[in-house]
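Accompanying notes for the structure given below.
Protein chains get the first letters and strands the later ones, always in sequence-line order, with residue 1 at the start of each.
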Number of protein chains: 2
Amino acid sequence: MTVRVDSTQPRRSDVTRAAILRAARERFASDGYERATIRAIAADARIDPSMVMRYYGSKEGLFAAAAEFDLRLPDLTHVPPGRFGDVLVRHFLARWDGDETLVALLRAASTNPGAAERMRGIFADQLITAVATFGGDPATTARRAGLVASQILGLAFTRYIVRLPPMVELDQEELVSWIAPTLQRYLTGQPES
Amino acid sequence: MTVRVDSTQPRRSDVTRAAILRAARERFASDGYERATIRAIAADARIDPSMVMRYYGSKEGLFAAAAEFDLRLPDLTHVPPGRFGDVLVRHFLARWDGDETLVALLRAASTNPGAAERMRGIFADQLITAVATFGGDPATTARRAGLVASQILGLAFTRYIVRLPPMVELDQEELVSWIAPTLQRYLTGQPES
DNA sequence: ACCGTAGGCCAACGCCTGTTGACATACAAC
DNA sequence: GTTGTATGTCAACAGGCGTTGGCCTACGGT
């Protein structure tokens, strides 16, 4: 009898699982949750649709696995408080261009309740936590994080989803110079400044 | 033989057409383009699905009719330049709460290319035009309008689509006091202020 | 009163979807 | 070498989808 002794040792199917995940992220990112079909994802990964079911249980399970996302927010305790906005915008722009998972999540969150729930989770677990490390009145932390999210997600939405021409054409430095002051004020400023 | 003499006179089916449109906007707003089925819309309007096809040709045609949207941007030529941001945020918040068409458009634009195209059209035809009336360097008009769109749509996305708790809980006055200065700077300020 | 037409319903088509179970093959342990 | 398990394919199911065409009904001009 074959017994798996070490559950962390690589499985023979790991390359297949990875291929499925990669194809799934691409399809979810470009097509959204409902238009991204399991059949298309399986075709991209060059395997049978039933394999997706075996390894991820269902379409929802596949999405949950594909939309696992770590913002990798930088440690800001050693950044001058006046540069929070600048550092954050640069970080997000770099994070998005290197990983299409967030675009997938953004597209899916518009129509899929589970994806929206995951987005709220990422927001609560990662962004609020990071904002809290800045110091400042804890009572306003969630609000400041929400405002930051509104501008950051609006940037992603107009640039990567709707593709408004001016937002696509702006290069990184111009974006930073416009958006960083906004985040800076949301993080450290007062309303109606 | 019955000949329609005046094409503007009310048709007997106008109430049905209106019921279909109303149901369609609701479904598109709450479910997105692909989950909003013609069958469900027809059931809401208490008619047969085939009527939708007769009056609007196809699902795409129905969406095009349901997503007709006028931002009704106010005339800002008689508003003090320092209050542009304030007036704009209030206008958008009021416009969204009174009409779910924009939520429908926002949700659909994430997954439906036609809806994204319509969103770009509204942006180009209405927002850029309004921003242009402010005066200012015409070369930067589109860019400023794009930045305004990024914050406004990010606000709508986090508040009405993803429903981030802090963004849902903020009342109108708090939102205005935080967001208005952002729009104000995008409209009349310089980068890296 | 007649009759053409617009309004409306019903049943069905063809297609695509997520999902399932039966079957083949290749690897790894004994 | 044998055997059990993991990997993978194939074919099919049941349901939902947009869409179509035929049929009945009721209105409104003449």
Side-chain angles (χ1 to χ4, degrees), chain A residues 1-24 27-28 30-67 108 111-115, chain B residues 1-24 27-28 30-67 108 111-115:
Chain A
M1 188 169 67
T2 305
V3 173
R4 176 164 302 282
V5 190
D6 178 6
S7 68
T8 65
Q9 86 185 29
R11 285 161 300 195
R12 197 152 41 97
S13 63
D14 280 347
V15 291
T16 301
R17 296 177 123 93
I20 293 175
L21 271 194
R22 184 162 4 102
R27 286 281 177 178
F28 282 134
S30 65
D31 298 346
Y33 184 82
E34 16 275 329
R35 293 171 102 101
T37 67
I38 289 194
R39 286 170 149 90
I41 291 167
D44 290 353
R46 300 180 189 285
I47 45 95
D48 191 88
S50 63
M51 299 301 293
V52 178
M53 304 304 296
R54 185 180 310 212
Y55 290 144
Y56 296 99
S58 67
K59 187 178 182 181
E60 285 231 3
L62 172 63
F63 179 80
T111 54
N112 187 266
Chain B
M1 189 169 68
T2 305
V3 173
R4 176 164 302 283
V5 190
D6 178 6
S7 68
T8 65
Q9 87 186 28
R11 285 162 297 196
R12 198 154 37 101
S13 61
D14 279 347
V15 291
T16 301
R17 297 177 122 94
I20 293 175
L21 271 193
R22 184 162 3 102
R27 286 282 177 178
F28 282 134
S30 65
D31 298 347
Y33 184 82
E34 18 274 330
R35 292 169 101 102
T37 69
I38 289 195
R39 287 169 148 92
I41 292 167
D44 290 354
R46 301 179 189 284
I47 45 95
D48 190 87
S50 63
M51 300 300 293
V52 178
M53 305 302 296
R54 182 175 311 194
Y55 291 144
Y56 296 99
S58 67
K59 188 178 181 180
E60 286 232 2
L62 172 63
F63 179 79
T111 54
N112 187 265

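A donor-acceptor pair under 3.5 Å links the side-chain atoms of B:Lys59 to the main chain of B:Ala36, judged by distance alone. Between the B:Tyr56 side chain and the B:Ile20 main chain, no donor and acceptor come within less than 3.5 Å of each other.
Atom C1' of nucleotide C:dC16 and atom CG of A:Asp31 are separated by 15 Å, given to the nearest angstrom. The CD1 atom of B:Ile47 sits 13 Å away from the C1' atom of C:dC10 (whole-angstrom rounding). In this structure, CD1 of B:Ile38 is placed 5 Å from P of D:dG18, rounded to the nearest angstrom. Straight-line distance from the CD1 atom of B:Ile41 to the C1' atom of D:dG18: 12 Å, rounded to whole Å. Taking atom CD of A:Glu34 as the reference point, atom P of D:dG18 lies 12 Å away to the nearest angstrom.
In this structure the side chain of A:Val52 reaches within 4.5 angstrom of the side chain of A:Ile47, judged on heavy atoms. Residues A:Asn112 and B:Arg35 are in side-chain contact: their nearest non-hydrogen atoms beyond the backbone lie under 4.5 Å apart.
Listed nucleotides: D:dT19, C:dC9, C:dG8. Nearest to the side chain of B:Asp48: C:dC9.
Remark: the B:Arg39 side chain and the D:dG16 base include no donor-acceptor N/O pair separated by less than 3.5 Å.
For the residue pair B:Glu34 and B:Thr111, a side-chain donor N or O sits within less than 3.5 Å of a side-chain acceptor on the partner.
For A:Pro49 and B:Arg17, each mapped to the nucleotide of DNA chain C holding its nearest heavy atom, the one lying further toward the 5' end belongs to B:Arg17.
Listed in residue order, the members of residues 50-66 of chain A having a heavy atom less than 4.0 Å from DNA chain C are A:Ser50, A:Met53, A:Ser58, A:Lys59.
Ring geometry for A:Phe63 against A:Tyr33 counts as perpendicular: the plane angle is over 60°, on a 0 to 90° scale with 30° as the lower cut.
In this structure, A:Thr37 does not reach the C:dC16 phosphate: none of its side-chain N or O atoms is under 4.0 Å from OP1 or OP2.
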